[in-house]
Amino acid sequence: MCIWTLGTHDTSPDAFEVHLSAEDTKDKKERWFPLPKLLVQPMVSYLGIYRPILVGPKTSNALWISQYGDPITANGLSRELPKAAKRLLGVKLRTHNSRHIAATSLAETDPENVNIIRDILGHATLDMSQKHYNRSIGL
């Protein structure tokens with residue numbers, strides 16, 4: 001997720017299509033899927049308001065930008081996410097938890113697109129994904 005770049009995720013005013021290259025996925029398979037509707041407006045706000053502020057005078061095609069204007073790295077996200085989650089949510093979440101939380105949230109809020117959970121988690125079957133996303137309900 002940290003290595004997503006602008007231009008590789010097609011947008012329209014009311015939708016985003018996410019493309020994950022084979023190098024970006026657990027099972028090394030390329031994936032295309034719609035960003036869940038619930039996340040479209042936050043993404044529009046991030047891209048239109050917050051990302052330009054974060055990038056400042058620097059240039060980067062990275063989607064996710066740090067407070068210093070540089071692309072967020074996998075190590076930086078792994079280090080900072082648990083601290084931010086603890087501060088904001090009272091729960092220390094690791095980056096791996098976010099996969100399962102995203103899958104559960106998608107199943108609960110956008111059930112007509114539940115089939116993309118398999119792709120998000122990189123599983124061969126939706127049954128395997130259901131075992132994992134049902135576990136995150138207790139978090």
Side-chain angles (χ1 to χ4, degrees):
M1 188 167 90
C2 288
I3 55 176
W4 289 0
T5 57
L6 296 175
T8 60
H9 310 282
D10 297 330
T11 65
S12 73
D14 60 350
F16 286 85
E17 186 171 75
V18 179
H19 170 235
L20 300 177
S21 68
E23 301 85 51
D24 295 339
T25 63
K26 182 178 177 178
D27 64 356
K28 303 301 178 201
K29 293 181 182 176
E30 183 176 48
R31 301 272 201 275
W32 292 87
F33 57 88
L35 188 68
K37 292 174 191 168
L38 184 68
L39 298 178
V40 170
Q41 189 53 53
M43 183 62 80
V44 168
S45 294
Y46 172 73
L47 292 173
I49 300 169
Y50 302 107
R51 188 183 179 284
I53 292 169
L54 291 168
V55 168
K58 296 181 178 182
T59 58
S60 175
N61 70 338
L63 178 61
W64 304 113
I65 303 296
S66 75
Q67 64 188 8
Y68 305 108
D70 299 315
I72 292 178
T73 64
N75 286 341
L77 182 64
S78 292
R79 182 183 61 249
E80 297 301 321
L81 178 66
K83 292 189 278 187
K86 181 69 173 176
R87 186 177 71 248
L88 297 169
L89 305 172
V91 179
K92 195 172 186 177
L93 298 174
R94 304 274 179 218
T95 52
H96 193 77
N97 298 122
S98 64
R99 297 174 73 243
H100 303 293
I101 292 168
T104 299
S105 297
L106 178 62
E108 292 175 352
T109 62
D110 195 9
E112 66 269 12
N113 286 309
V114 73
N115 58 323
I116 69 170
I117 292 172
R118 180 194 69 217
D119 295 334
I120 291 170
L121 296 180
H123 294 150
T125 67
L126 188 56
D127 287 341
M128 176 61 77
S129 299
Q130 287 174 333
K131 289 177 187 173
H132 290 282
Y133 79 69
N134 285 334
R135 288 191 310 176
S136 68
I137 291 172
L139 290 177

**Request:** List for me each residue that meets salt bridge (Lys or Arg N to Asp or Glu O under 4.0 Å) alongside Glu80, sequence neighbours excluded, and say none if there are none.
**Result:**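 Scan of Glu80 (salt bridge (Lys or Arg N to Asp or Glu O under 4.0 Å), adjacent residues dropped) gives Lys83.
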**Message:** If you compare all heavy atoms of Pro82 against all heavy atoms of Arg94, which two are closest, and at what distance to 0.1 Å?
**Reply:**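 That closest heavy-atom pairing would be CG-NH1, 3.4 Å.
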**Asked** What distance do Leu38 atom CG and Glu108 atom CD have between them, rounded to the nearest 0.5 Å?
**Response**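 So the gap between those two atoms works out to 11.0 Å.
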**Message:** So, using side-chain contact (heavy atoms from CB on, under 4.5 Å) as the criterion, who are the partners of Pro42 when residues are at least two apart?
**Reply:**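 If we apply the side-chain contact (heavy atoms from CB on, under 4.5 Å) test to Pro42, skipping adjacent residues, there are no hits.
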**Prompt:** Linking I/L/V/M/F/W/Y whenever their side-chain heavy atoms sit closer than 4.5 Å, directly or via other members, would Ile72 and Tyr68 fall into one cluster?
**Reply:**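 Result: no, two separate clusters.
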**Message:** Listing request: all salt bridge (Lys or Arg N to Asp or Glu O under 4.0 Å) pairs with a residue in residues 63-78, at least two apart in sequence or in separate chains.
**Reply:**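 Non-adjacent pairs meeting salt bridge (Lys or Arg N to Asp or Glu O under 4.0 Å): Lys58-Asp70.
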**Prompt:** Can you name the residues that form a side-chain contact (heavy atoms from CB on, under 4.5 Å) with Leu89, not counting sequence neighbours?
**Reply:**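 Once residues adjacent in sequence are excluded, the partners of Leu89 under the side-chain contact (heavy atoms from CB on, under 4.5 Å) criterion are Ala85, Leu93.
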**Request:** Any chance you could measure Lys92, atom NZ, to Leu81, atom CG, to the nearest 0.5 Å?
**Result:**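 Rounded to the nearest 0.5 Å, the NZ-CG separation comes to 11.0 Å.
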**Request:** Would you indicate whether the side-chain heavy atoms of Val44 and Gln41 approach each other to under 4.5 Å?
**Result:**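 With C-beta onward as the side chain, the pair touches.
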**Prompt:** Looking at residues at least two apart in the chain, or sitting in another chain, which of them share a salt bridge (Lys or Arg N to Asp or Glu O under 4.0 Å) with Lys29?
**Reply:**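 Testing Lys29 for salt bridge (Lys or Arg N to Asp or Glu O under 4.0 Å), a comparison that skips the adjacent residues, returns none.
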**Request:** Could you tell me whether the side chain of Leu63 reaches within less than 4.5 Å of the side chain of Met43, counting heavy atoms only?
**Result:**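 In contact.
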**Item:** Which residues share a side-chain contact (heavy atoms from CB on, under 4.5 Å) with Ser78, sequence neighbours left out
**Value:**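 Scan of Ser78 (side-chain contact (heavy atoms from CB on, under 4.5 Å), adjacent residues dropped) gives Thr95.
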**Prompt:** Excluding sequence neighbours, so at least two apart, what forms side-chain contact (heavy atoms from CB on, under 4.5 Å) with Gln67?
**Reply:**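 side-chain contact (heavy atoms from CB on, under 4.5 Å) check on Gln67 returns nothing, list empty.
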**Request:** Tell me, please, which residues at least two apart from Tyr46 pass ring pair (Phe, Tyr, Trp, His ring centres under 6.0 Å).
**Result:**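 Partners of Tyr46 by the ring pair (Phe, Tyr, Trp, His ring centres under 6.0 Å) criterion, ordered by chain and then number, come out as Trp64.
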**Request:** Find the distance between OG1 (Thr104) and CG (Asn97) and round it off to the nearest 0.5 Å.
**Result:**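 Result: 11.0 Å between the selected atoms.
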**Message:** Which heavy atom of Pro52 sits nearest to which heavy atom of Leu47, and what is that distance?
**Reply:**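 Taking Pro52 first and Leu47 second, the nearest heavy atoms are CD-O, 3.2 Å.
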